Amino acid sequence: MRYRRLGSTGTVVSTLCLGTMTFGNETDEAGSHAQLDRFVEAGGTFLDTADVYSRGISEEIVGRWLRGRPGVRDNLVIATKGRFPMGEGGNDAGLSRLHLTKALDASLGRLGVDAIDLYQAHAWDPMTPIEETLRFFDDAVRAGKIRYVGVSNFVGWQLQKAVLLARFAGLAPIVTVQPQYNLLARDIEHEVMPVCVNEGIGILPWSPLGGGWLTGKYRRDDLPTGATRLGENPNRGVEAYAGRNAAEQTWQVVDAVRAIAESRGVSMAAVSLAWLVDRPAVTSVILGARTVEQLDDNLTAADLVLTDDERARLDEASAPRVADYPYGRAGVDQQARRLPA
Ligand SMILES: NC(=O)c1ccc[n+]([C@@H]2O[C@H](COP(=O)([O-])OP(=O)(O)OC[C@H]3O[C@@H](n4cnc5c(N)ncnc54)[C@H](OP(=O)(O)O)[C@@H]3O)[C@@H](O)[C@H]2O)c1
């Protein structure tokens with residue numbers, strides 16, 4: 001396992017983080033605990049959950065696992081999130097001080113910990129001024145309930161605004177952002193990643209395998225079937241990846257990953273995850289697994305480093321399609337400036 005600083009903080013985490021979105025959903029409690037044990041054995045030190053995963057059950061499963069293994073909590077960095085609805089009322093969702101106060105206390109209770117190491121706004125809230133949210137986070141840090149602040153699913157302007165407001169108001173800084181990022185979805189490279197590189201924010205990619213597409217389990221002209229996330233809802237899978245990115249490019253990426261996996265004698269999941277771990281500003285990649293066997297496969301990425309040539313082949317096959325302006329050639333040329341010779 002490799003380790004890295006969490007954004008620009010002095011805290012260190014494993015470059016693979018265990019996501020817990022399947023816990024209490026596709027994965028039962030025993031299976032979830034087996035994944036947590038396996039992850040820690042492999043040297044993993046970073047867990048990601050959210051209040052909304054299985055409506056609190058994911059956090060409860062993690063909490064019972066922590067209670068059953070005295071001492072394990074001390075070596076872990078635990079992240080959770082608040083923002084999505086946890087009830088039907090108008091104040092059971094959002095980034096308001098009112099909702100987050102309740103949401104944070106409920107997460108602390110379910111996890112059974114004194115403090116959450118990384119507390120994240122799960123998405124932007126158009127109804128709450130971000131100043132209110134940032135002040136809430138800062139108060140929670142001062143109260144000892146959270147240690148670091150992160151956000152998730154923010155677009156570029158939202159992230160930059162939050163980062164600068166926190167800095168100039170002297171509030172706890174945003175240290176990480178958690179966006180969707182994988183070889184089939186590189187949209188964050190236009191706006192979010194440059195903010196992160198410039199501001200020293202750590203990226204925590206979610207759905208690193210595109211929900212399973214990048215493991216090679218889905219094949220051309222062959223709709224997913226059986227007990228898989230996409231198999232249970234085949235149209236969602238095809239629309240989210242093959243449809244959205246143009247089917248041909250999706251297969252081009254899958255073929256490029258397969259060729260490298262075969263030549264290195266490793267799995268396609270390992271290649272896809274290793275590409276992500278070494279992208280600019282990435283701190284730690286959030287793994288998702290339904291079974292311990294899948295987790296084992298994904299953990300083989302822990303020590304895999306791709307060559308420059310392998311990275312270039314993956315970069316090329318997965319290159320986001322953009323018009324010349326403002327993200328393509330014309331936009332880049334417009335911003336160029338050189339010193340006089
Ligand atoms: N902040 C957010 O809004 C947000 C959103 C989504 C996720 N997340 C976080 O990111 C984590 C990971 O997301 P994700 O679950 O979508 O990740 P993912 O790696 O893209 O997809 C995981 C799914 O792919 C399949 N899979 C994984 N490894 C496999 C392998 N080695 N071989 C074959 N199939 C494999 C499994 O589904 P099947 O076996 O069922 O096909 C598994 O549940 C979550 O647990 C959560 O912590 C955050």
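Both counts, for ligands and for their atoms, begin at 1 and track the order of listing. We use all heavy atoms of the structure for the numbers below, so side chains are in, but hydrogens, waters and symmetry mates are not. All values derive from a computational prediction rather than experimental measurement. Along the sequence shown, residues are numbered consecutively beginning with 1.
- A donor and an acceptor atom, one from each side chain of Tyr53 and Thr20, are nowhere located under 3.5 Å apart.
- Remark: ligand 1 atoms within the under-4.0 Å shell around heavy atoms of Thr20 are 45 (O), 47 (O).
- Only the side chain of Asn153 comes within contact range of ligand 1, with a heavy atom under 4.0 Å; no backbone atom does.
- With Asp138 contributing its side chain and Leu171 its backbone, the two residues share no donor-acceptor pair below 3.5 Å.
- The side chain to side chain donor-acceptor pair (under 3.5 Å) analysis of residues 265-283, with sequence neighbours excluded, yields the pairs Arg2-Asp278, Arg4-Asp278, Tyr181-Arg279, Glu189-Arg279, Ser267-Asp297, Trp275-Asp315.
- Polar contact with ligand 1: absent for Ala269 (N/O pair, distance under 3.5 Å).
- Residue pairs meeting the side chain to side chain donor-acceptor pair (under 3.5 Å) criterion with at least one partner in residues 82-99, sequence neighbours excluded, are Arg97-Asp139.
- The distance from ligand 1 to the heavy atoms of Gln178 drops below 4.0 Å at these ligand atoms: 1 (N), 2 (C), 4 (C), 8 (N), 9 (C), 48 (C).
- Ring geometry, Tyr218 versus Trp213: the interplanar angle falls from 30° to 60°, so the pair is classed tilted.
- Polar contact check, Leu209 against ligand 1: a nitrogen or oxygen pair lies under 3.5 Å apart.
- A donor-acceptor pair is defined here as one N or O able to donate and one able to accept, closer than 3.5 Å; such a pair exists between the side chain of His33 and the backbone of Ile61.
- The Lys81 neighbourhood of ligand 1 comprises atoms 1 (N), with distances under 4.0 Å to a heavy atom of that residue.
- When heavy-atom distances to ligand 1 are checked against a 4.0 Å cut-off, Asp297 comes that close only through its side chain, counted from C-beta outward.
- Distances shorter than 4.0 angstrom do not occur between any heavy atom of Trp213 and any atom of ligand 1.
- Every atom of ligand 1 with a heavy atom of Tyr53 under 4.0 Å away is listed here by number and element: 4 (C), 8 (N), 9 (C), 46 (C), 47 (O), 48 (C).
- Distances below 4.0 Å separate heavy atoms of Gly19 from the following atoms of ligand 1: 45 (O), 47 (O).
- Under the 4.0 Å criterion applied to side-chain N and carboxylate O atoms, Asp308 and Arg311 are not assigned as salt-bridge partners.
- The closest donor-acceptor contact from the side chain of Ser8 to the backbone of Gly200 lies under 3.5 Å.
- In summary, the atoms of ligand 1 found under 4.0 Å from a heavy atom of Thr22, numbered by their order in the structure, are 43 (O).
- Under the side-chain contact (heavy atoms from CB on, under 4.5 Å) rule, Leu306 has a single partner from Leu314, Val266, Val277, which is Leu314.
- When each atom of ligand 1 is checked for a heavy atom of Pro208 under 4.0 Å away, the hits are 17 (O), 18 (P), 19 (O), 20 (O).
- Heavy-atom distances between Gln120 and ligand 1 stay at or above 4.0 Å for every pair.
- Backbone and side-chain nitrogen or oxygen atoms of Asn298 are examined, and one is located within less than 3.5 angstrom of a nitrogen or oxygen of ligand 1.
- Not a single heavy atom of Gln180 lies less than 4.0 angstrom from ligand 1.
- At least one N or O atom of Lys217 sits closer than 3.5 Å to an N or O atom of ligand 1.
- Contacts with ligand 1 closer than 4.0 Å are made by heavy atoms of both the backbone and the side chain of Ile286.
- Within ligand 1, the atoms closer than 4.0 Å to a non-hydrogen atom of His122 are 1 (N), 2 (C), 3 (O), numbered from 1 in the order shown.
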